[in-house]
Amino acid sequence: MAIGVKALPLSFVVHVLGVAGLVMVLVWCIHFRGGLAWESSDKSLIFNIHPVLILLGLIIIGGEAIISYKALPLKKEVKKLIHLVLHAIALILGIVGIYAAFKYHNESSIANLYSLHSWIGIGVIVLYGIQWIYGFIVFFYPGGTDAIRRESLPWHVLFGLFVYVLAVSNATLGFLEKLTFLENSGLAKYGSEAFLVNFTAIVTVLYGIFVILTALSQAPAEVDYSYTAI
């Protein structure tokens with residue numbers, strides 16, 4: 001399945017939204033929340049690593065990995081390697097980001113895994129890991145037979161997009177959850193920080209939408225190797 005829109009213009013929108021989202025989450029965590037730290041007496045600085053790495057890894061780099069087949073005018077094997085490596089980086093950053101949330105909770109004597117956001121987050125990282133391992137074995141090394149690859153490709157694409165949509169949705173839920181906690185602790189509901197967090201969530205959603213649109217769009221005929229099987 002493909003929509004009648006060229007991939008390249010959509011991919012530019014993806015890049016712009018990705019940079020905007022990263023800048024916004026950094027401004028929030030550094031300017032408004034005090035910065036980032038792996039070890040600190042101010043445990044909130046440890047938590048700040050979580051939204052930065054999740055957005056950068058699972059959402060932004062993960063999105064770039066998804067559109068790499070459509071946005072890069074390179075040979076199929078080169079694009080496959082870029083796709084694989086970007087997803088690996090996204091997965092690693094996602095794991096570290098989730099660990100940062102556990103570290104913050106443990107050092108602050110806060111219970112773990114009590115919210116819907118945390119449950120979905122664990123599900124996302126597990127599914128992301130399974131998807132990457134399966135893709136590596138079937139499409140990269142040692143590689144499946146032509147028949148297995150052909151049968152697997154549409155399901156690999158569909159499952160990958162499903163996991164990505166789930167990740168974007170859960171990131172948005174995370175922004176909502178954290179902002180709700182902050183507002184219940186006295187943060188102004190119509191203050192600049194609250195608006196920044198809400199707009200960051202909106203940019204995250206828009207980024208995810210344009211990633212999906214790019215993945216389903218038309219690459220130039222000479223490099224159209226993927227996303228045409230569903």
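None of these values were measured; they are calculated from a predicted model.
Residue L10 holds its CG atom at 4.5 Å from OG1 of T214, rounded to the nearest 0.5 Å. Rounding to the nearest 0.5 angstrom, the gap separating the CG atom in L86 from the CD1 atom in I67 is 9.5 Å. Here the OG1 atom belonging to T172 is positioned 7.5 Å from the CZ atom belonging to F175, to the nearest 0.5 angstrom.
Counting heavy atoms from C-beta on, the side chains of S68 and E64 never come closer than 4.5 Å. Put simply, the side chain of Y164 reaches to within 4.5 Å of the side chain of I212, judged on heavy atoms.
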Test log, rule ring-ring contact (aromatic ring centres under 6.0 Å, His included), inputs Y128 and W132: CA-CA 6 Å; Y128 206 114; W132 190 88; 9.5 Å; no
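Although no hydrogens or angles enter the test, the distance criterion places a donor-acceptor pair under 3.5 Å between the side chain of R149 and the main chain of G144. For H83 (side chain) and A65 (main-chain N/O), a donor-acceptor pair under 3.5 Å exists by modelled atom type. Looking only at distances, a side-chain donor or acceptor of H105 sits under 3.5 Å from a matching main-chain atom of A111.
Relative ring orientation between F195 and Y190 is described as tilted, the plane-to-plane angle lying within the 30° to 60° band.
Two rings, from H50 and F47, have their centers less than 6.0 Å apart. Aromatic ring centroids of W38 and Y99 lie under 6.0 Å apart. Taking the six-membered ring for Trp and the full ring otherwise, H156 and F139 have centroids separated by under 6.0 Å.
Within a 6.0 Å sphere centred on CZ of F210, heavy atoms belonging to other residues, nucleotides or ligands number 12 at most. Taking a 6.0 Å sphere around OH of Y141, one finds it holds 12 or fewer heavy atoms contributed by other residues, nucleotides or ligands.
Within the structure, salt bridge (Lys or Arg N to Asp or Glu O under 4.0 Å) pairs that include any residue of residues 97-110 comprise E39-K103, K43-E107, K103-E107 (at least two apart or interchain).
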